[in-house]
Novice: 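I'd like to ask you about the structure that follows.
Note on naming: letters A, B, ... go to the chains in the order of the sequence lines (proteins, then strands), and numbering restarts at 1 for each one.
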Amino acid sequence: MEHVVLGIDGGYPLLVLAWLAPLAGAIALWAFGPRVRSLGGPIGAAICGVAFLALLPLWNAATAIGSHAYLFSTHSNGIGAAGASAVASYSTNASGANAAAVSTLAGIHQSLVSWAPGFTFGLLLDRLSLVWALVITGIGFLIQVYSIGYMTGDRAFARFFAYLNFFVFAMMTLVLSDNFVGLLVGWGLVGLASYFLIGFYFDRPSAVKASRKAFVINVVGDIGILFAIFLMFAAVGSAGYGDVFANVAKLSPGMLFAICGCLFIGCAAKSAQVPLHTWLPDAMEGPTPVSALIHAATMVTAGVYLIARCAPLWNASEESRMLVGTIGGITALAGALLGLAQWDIKRILAYSTMSQIGYMIMGVGVGAYDAGVLHFLTHAFFKAQLFLTAGIVIHALADQQDIRLMGGLRTRQPFAFWSMTLGVLAICGIAPLSGFWSKDAVIYGTLERGYPALYAIGVLTAGITAFYMFRLLFVTFFGTYRGAIDPSSLGIRHPELSGQAVEPAHDHHEAHPTSILMIAPVAVLMIGTIGAGLLWIAGWRDFFAPAFAGAPEGHGAVFLPELGSTILVTAVVLVGIAIAYVRYAAPAALREAIERLRVETVRMPAPLAHAFYFDVAIDALFVKPAQALGRLAGTVLDPLVLDGAVRETSIVTAWLGHLARSFQTGLVRAYALTLVVGAACFVAYYAFGAVR
Amino acid sequence: MIDYRSFVTQADTLAILPIIITVLGALVVLFVDLLMPKKAARRTIALGIAAVVLVCASLDERTLYGPAQSIFAGSFVVSGFSVAFSEIVLVAALLSLALSAGIGKSDQVPGTTALVLWGTSGALLMAGAANLPTIFLGLELLSLALYCLCAFSDRPQARESALKYLILSSMASGFMLYGMALLFGATGSVALAAFALAAPSPLFVLGAGLFLVGIAFKLSLVPFHSWTPDVYEGAPLAVTAFMSVVTKAGTLAVFARFAYVSLPPAIAERILIPVWIVAAISMVVGNLAALAQTDMKRLLAYSGIAQVGYIVAALAGATESGMRYAIFYLGAYTFMNLGAFAVTALVARDAEAGARLPAFAGLARRRPLLAWAMTLFLLALAGLPPTAGFTGKILILASAVNAGYAWLAGLLILGTAISLYVYFKIVRAMFAQVDLAHIREERSGSPLPWIAVTLCAVATVVLGLYPFAPSAVLPALH
Amino acid sequence: MIAAFCILAPIVVGILLFALPRTSSVPRWVGVGIALATLVALAANPNASDATLRWLQRPFTASFHVGFTGPGYAIALLLALVTVCALVALNAPRSRDFTINVLFLEGAMMGVFLAKDLLLFALFWDLMLVPVFLTLVGWGAPHGRSAWKYLIYNFSGGLLLLLATAAYGAIYGTTDVIGAATLPIPAFPGAAATATPWILAGFAIAFLVKTPVFPLHTWMPETYADAPSQLAAVISSVQSKAGIYGFLVIGLPLFAPQMHGVAVPMIVLGLIGLVYGALAALVERDVKKIVAYSSLSHLGLMLVGIFSFDELATRGVVVYMVAHGLFSAALFLVLGYIEAREETRDLARLGGIAAINPRLAGALIIAALAALGLPGLAGFAGELLILTGSYRAGLFWPAAIALVPIVIAAAYMLRAFQGTMQGPRVADLPERRDLTWLEGLALAPLVAALAYLGVNPAPIASLALGAMHTLGVAAR
Amino acid sequence: MIVFWPLALVLIASAVFTITAKKPVYSVVGLLVNFAALAVLYVTLNAEFLAFIQILVYSGAILILFLFVIALLSSGTKAFDVGPDRLPKILIPGGLFVFVVLACIAAVTVRLPFVTRPLAAVGVTGNENVFGSVADFGTALFTTNLLPFEITAFVLMVAVIGVVLLAGDEAPPFAKKARPERESIVKTQVLK
Amino acid sequence: MLVGPEQYIALSAVMFSLGVAGVILRRNPLIMLMSIELMFNAANLALVTFARAWANNVGHIFAFLVITVAAAEAAIGLAIVVVVFRKTATVDVDEIALLKG
């Protein structure tokens, strides 16, 4: 069997180091956390930094464009043969027509292990994974530095960094894998890291519940990918990227759609796409740095990575692009709408994350991979910055997360205010901040590729985004501080519904001064927030052109030029900002802020307040029936029916035993009688039956 | 003029030498007792002599192993087959005597020991009997000895069991005798070997049927089993142990010879089918009735009913190999059954009366070796490894399947399944967590049962696992 | 000879241990030593030659023939490892007697997995039930019914196995067939044609009960819950594999046509068990029963894998057998530690232990994650190979349905973990010491093996391959 | 052969009387008549020695033994039929049914072809060395049937020892007395 | 009417059946023993008849042996009845049922 490997096979110890160092850090910190105590944070951050640095020397090798793919003939029993690249037969002209698609995806490849024929594992670092790997380790490093300040004093300080390191390892596994199984391994492990971190404050029932929910929904996504692997393996006999992509032409359109659909189930769960998004807002139970790293910058964008990675599949399947683009658009809109209704600062950011990922998915879904990936990059910067800033605010306000109980923080926390303002502007897409470039590219990409409906959604969502992000900004930082007033006067009846913990967490429940360790990473992120978008005009598309070769191009005939589109979007965004200003920041609005917030709280439209009833529906459709069936099995079928049958059998047997004993009356004459009856039967048989 | 010497040659005498040893040994026991002073350890001496006698008989029996020889004008046949049964009988007698160190009060022991020896000789006669009078006399010799032995206890149950055994067994003897008369009438001969040559006639079939009724009674096959539980429970433990094996061994020998040698091939299968059926019923009913028993002797009686069903099932189809497996299983049964009796004797407060289930409670913690030995015997009875019971059952199953009696094999499995509860009830009692404070420890003074337990345990395992083929050891028929 | 050593050494040593005082802790360490010796002996001699001793010549030939079949070797390794782990941190009362039982169990189960003769297999099969029964009786809940249930179900199966073995021997003339290169020619071809399906039925029922498979499983939750955890670890991890192993090395090679004939009902049963176990685990309150029901689910998957007759799936089955053995042993051991500390297994009574016993929580979560098929641990590798193979073999719906319980598994495993370890502390739960070093030592090899096999299951998977060549399982 | 029918009548009548008599003594009398008639039948079948033995052993020894035991048990307490008949009544019709079946089968069987063959010729009863004579009997007994004959010795020995051990051992419950020399019993009996 | 072996056998069968009935119907162990004697005698009659039919005196020998055994059995049986009576002061077999179940 021929085995196609993407990338130039070889030994890359730095790559392995970058991959495994966080794992080693995680294990060490987990095992020896109680010993190292406060050193845990610096150690964790340092390891992450090492991983980041280890990647840099690989830049040239990973981005070198090879005009070739490597084909290995492996023994069909395949044990370890793929690793032994020396025996490979080499070909520059692989598999005919698909060679072009494959050959452009060059990078570096490190072989690892083989399970069975078709299941061989290795690391692949090409442009796509390089971008992700750098973001993961880089932002991971920054956020760990931030966390040293944020988590100071927490009892499980070292364990927190163990989890973060583990997450980085898992995410690296996900993006560096050269096959779908390895990807799935990473996919599951990041889910696990996410589970640990969401449930970090595990004595809080809401955190426990949220972590379980996140994990289970992510497993739903996992089995989507699993099924896609079945399909691919049955079709091409391998789960390696190279093998699958080289054989795209052999797959029927229906099969392609099925594969893409199943893969997308995974994306939807991981990247919080409708209808599998419900875990993301709940995931804000985790510490804020976690939300920044995992639930904003990196993990949730794994779906984007997967689709970008599988560009050859999507390129070949029009229906899949339609499906993914549509879901992405719906998610973008739904996230934005739900963002309108939130009061918890982190939940607002969570819904905005969902919305922005919707954009990315829409982008990569319709084939605008470069735009989608750029939006991932810029979003990683500005959303991480937003979260970290929110963290600073929360930290300073003794873990208060309800923006109704904030207000007027502009003067009290100037750094936070400016940082937040910058982030909000970026996410709204105000030129020339990073969000402007990427979002614009995505929105226009849909139009370019012939999806006007998605375009419309994109534009509308941009406006809504501007509104609710500025609402967040205005309510939090403008006006007067409301932290001291009675929550009920703001209409807050059930604090837990607002996202605020009933029993706020732990031992660091007091106002903290903002440490330099928390400010510095935010400052670094600001650079990206401001400047990352410029990559779009600095050769971004060319950089990725080899990776996304064969992507559907624009139809040409577009009724709106790019500049016109930009102006339109900017106008809509400005309208959104204006409405927000009028409602929340205009002097008149500020005067009656408390009353306004109360009314808004009480009169919140029910569908929004209940997040479009997704939770209710999932509960009623899946959870409740499963529990009912389980109860049926565990309390009725097992003890009564199945076991009952056995019990009846034993009862009948015992009864038969008593019956047999009842003939044993102790009366010798009765015994004689049974003897004679037996003899009579014998005699009757022998007299009449035995001989005819 | 008849030369009477030609009817009692040296060969004849040598061939029945084990029986002569046994019979005369009983007389020696009695006479030595006469010569003893009053205070002497009469119990020990009697048992010692009996043991020597039985061992001598057993050793002598081994010399007879070889091709079949017919002696006493065809009354008796000595062959490997008869030797196998005889050895089982002798071993069983030896072990039984060891169980409770003599039967009855100490001044009765010489007499009862003599009776045991005579009963043994009756079974030895049955093992080699080749004509109807010899069968009948051997059977009666055994039975008469057992009637008496059953009554040697002050417990009213023992007396009752003797009376019941007497009445029912005599009645069964009557049936058997009448069957013998009809067989004689149908063939004009009393020699088993001559029957097969006769033309099949209804009279023969009916005679065979009545004969088999007697056989089934002695084997205690359902529905001819009803005497078994009562007699086993009532009789002194050693007697129960003795009769549980010796009666079965002797009767099986007779049955096997009858089934294999004397039936005209044309009708053999039809004549024997009822026996297989009652064997099948025995396997099931015996185990069913044992389910709720708490008295060990009674439980083992029911278990014996089922076990003998298994043994008879081995003979189904009257294949030559089946015969060997039946002998093998009988040998295995001897050890596992007597082992269980021996443990019961050791556990019991009154070794003669036997023990009930509560006496076994917590045995694993009080006397672990005894408990494990008992577990071994019970596993063997249940047909589980690593015991002879397991191997024996496999052989029987294979033989039944081979002979085309798969339904018997199936019922055997059914019966065994039921029996698991019976045997594991005891295992459970021994190993369960109990409050040991409530249990009064009873230790019997005599080391003899311990010897029996050890011998039986070793034999049970070795017979099951020793890598020999029963076919290589057990002889051909006749 | 290595195989014979692994079977006999634990049994002989077990018998010798009776000589030691009842309350001493020496027997336990002797037990650990001998189990370790078997482990080393196995690991050091993967290619040891068979040992044979003639047993029966008639009615069929049978031998004391022991040696390694591929899957058997894998499970024997697992067994030795799990036995070591179970004994290292033994906390049952009367440890000498318990150790003896566990050693008997190890020896008997070694016999099951190393026997290369059907009759010997049947012998050990029945034998391995006895120590379990004794332990359930002696260490389970007083007056509990679990021992009876275990006995009735498993011995009924064992007896059918016995009958089937005898019938096989009677018809084919030999039972020395496990792992044999060539199959015996039936002595009675006519009888063979009629009887062979029935013989398979006998074997299959025994295997199904032992595994167990719906609807023959109801003995299992109670047995596992009632058994002392060390025993539950051994039987859930190793004994439950006997049925699957039987299908693999007896069913597939000896009864290939008949196995194909019953594939559909078997797959359906496996799937029902798969879903049923998962659903039942979702609402169960007894943590040990949750694991028990999860076993039902996982074993159903193995059944599906076997009856897909696919090479990849067969590899997956072997990997998953080992993986399941590792994580269920780890789970039961940890749950045992919890039960020993808190004296309850009820989820409603437990909670928040992680706050004071973080190491215990860590141990439980690793085991639970392996059980729920976390990618990167061995369970996932097995599941993936089985399902991929099954799907490739054309079992579309089974593969699709089998995915659902993976989600449910995540839910119930986390429910069990969080219910015991997380959430607010239960007020009246006593504070106990955290995982001790010994307990950690008991778990460490299991976890390490899970992680290693999760990354690289090829060594185990290739054992299935070796078996398949000798067993003549054509890759479709 | 005309004597057969009256004898058969006597035989059956006496047997019925034996099993139905109220008192055991009457049964003994019935049995006596039965045995006597049987002895005569033996003579009609050329078994003169057996007829003699029949009278001697059965009538002379066994029945006397019965009478002794009846006498022993009837002294002082009521021994026979003291309680209610515990055998369920429905079983008695069953028993009768069985009996009828047995009788019928016996009747049917003996009508089958075998017995219609003519009897083998034998000599006249009473002569020496002819079928049924003492000499004929003795020759057969001491030659071809020597082994069974020898066994009877032990059968009787068992009976003697057994009865002695059983009966001589203890006093009846209503006349309990300690007997000082229990060990002498075996001695005396064996010496007899 | 000619008298052949058939009539003798029929007579013996009837006697045998009467013996069986006696065992079942009577509660007095002595009469039960007597009934058993009837059965033995019936068998003896059959033996003697067949001996005559075949002109083979082994039937006589057999009958003789049976008589011997019957004597021994009667002796032992009566002894057992006596010892039972000593223990329980009754010999009504319906009253002697300690052992059952």
Novice: Taking all non-hydrogen atoms of both residues into account, name the closest pair between P24(D) and M34(E) and its distance.
Specialist: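 What the structure gives for the nearest pair is O-CE, 3.7 Å.
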Novice: Below 4.5 Å from any heavy atom of chain D, which atoms of M15(E) appear? Answer side chain, backbone, both or neither.
Specialist: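 Contact with chain D is through the side chain of M15(E) alone.
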Novice: Do H60(E) and F131(D) have ring centres separated by under 6.0 Å?
Specialist: yes
Novice: How long is the straight-line distance from CG of L45(D) back to OG1 of T49(E), given to the nearest 0.5 Å?
Specialist: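 It is 4.5 Å, given to the nearest 0.5 Å.
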Novice: Check whether I76(E) gets within reach of chain D through its side chain, its backbone, both or neither, counting any heavy atom under 4.5 Å.
Specialist: both
Novice: Please report the closest heavy-atom contact between V155(D) and A72(E), naming both atoms and the distance.
Specialist: CG1-CB, 3.7 Å
Novice: Side chains of F4(D) and L11(E), heavy atoms from C-beta outward: is any pair under 4.5 Å?
Specialist: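 Yes, side chains in contact.
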Novice: What are the two closest heavy atoms between R26(E) and K22(D), and how far apart are they?
Specialist: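 R26(E) and K22(D) have their closest heavy atoms at NH2-O, 3.8 Å.
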Novice: How long is the gap from CG on L25(E) to OG1 on T20(D), to the nearest 0.5 Å?
Specialist: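 The OG1 atom of T20(D) is 9.5 Å from CG of L25(E), to the nearest 0.5 Å.
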Novice: With a 4.5 angstrom heavy-atom cut-off, which part of Y58(D) approaches chain E: side chain, backbone, both or neither?
Specialist: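 The answer is the side chain of Y58(D).
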Novice: Please classify the contact between N56(E) and chain D as side chain, backbone, both or neither, with a heavy-atom cut-off of under 4.5 Å.
Specialist: backbone
Novice: Identify which part of L141(D) has an atom lying under 4.5 Å from any heavy atom of chain E, answering side chain, backbone, both or neither.
Specialist: both
Novice: If you take all heavy atoms of E37(E) and I62(D), which pair is closest and at what distance?
Specialist: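 Of all heavy-atom pairs spanning E37(E) and I62(D), the closest is OE2-CG2, 4.4 Å.
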Novice: Pull out the residues in residues 29-37 of chain D that come under 4.5 Å of chain E, heavy atom to heavy atom, sorted by number.
Specialist: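 Interface residues of residues 29-37 of chain D: L31(D), N34(D), F35(D).
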Novice: Closer than 3.5 angstrom, by distance alone: can the side chain of N57(E) be matched with the main-chain N or O of D136(D) as a donor-acceptor pair?
Specialist: yes
Novice: Tell me, out of I151(D), L63(D), V28(D), who's got the most heavy-atom pairs with chain E below 4.5 Å.
Specialist: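 So the answer, after comparing I151(D), L63(D), V28(D), is V28(D).
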Novice: Which heavy atom in L166(D) sits nearest to a heavy atom in R86(E), and how many Å separate them?
Specialist: O-NH1, 4.0 Å
Novice: Tell me, side chain or backbone of I31(E) under 4.5 Å from chain D's heavy atoms, or both, or neither?
Specialist: side chain
Novice: Decide yes or no on side chain to side chain contact (heavy atoms under 4.5 Å, CB included) for T144(D) and V58(E), but give the supporting numbers first.
Specialist: CA-CA 9 Å; T144(D) 51; V58(E) 77; over 6 Å; no
Novice: Contact between N46(D) and V48(E) at the side-chain level, heavy atoms closer than 4.5 Å - yes or no?
Specialist: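 Contact flag for N46(D)/V48(E) side chains = no.
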Novice: Can you tell me which of N41(E), L38(E), L33(E), L78(E) forms the most heavy-atom pairs within a distance under 4.5 Å of chain D?
Specialist: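 Among the listed options, the one with the most contacts to chain D is N41(E).
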Novice: Identify the two heavy atoms, one from I19(D) and one from S35(E), that lie closest to each other, and give their separation to 0.1 Å.
Specialist: CG2-OG, 3.6 Å
Novice: Could you check whether the rings of F149(D) and F64(E) sit parallel, tilted or perpendicular, using 30° and 60° as the cut-offs?
Specialist: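 The rings of F149(D) and F64(E) lie parallel, inter-plane angle below 30°.
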Novice: With a 4.5 Å cut-off on heavy-atom pairs, point out which of V82(E), L45(E), V69(E), T68(E) contacts chain D the most.
Specialist: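 The answer is L45(E).
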Novice: For the candidates V23(E), V93(E), I67(E), I80(E), which exhibits the highest count of non-hydrogen atom pairs separated by less than 4.5 Å from chain D?
Specialist: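 When all of V23(E), V93(E), I67(E), I80(E) are compared, I67(E) has the most.
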Novice: Measure A140(D) against the heavy atoms of chain E and call it side chain, backbone, both or neither at under 4.5 Å.
Specialist: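 Both the backbone and the side chain of A140(D) come within 4.5 Å of chain E.
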Novice: Going by heavy atoms in the side chains, are F85(E) and L72(D) under 4.5 Å from each other?
Specialist: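 No, their side chains stay 4.5 Å or more apart.
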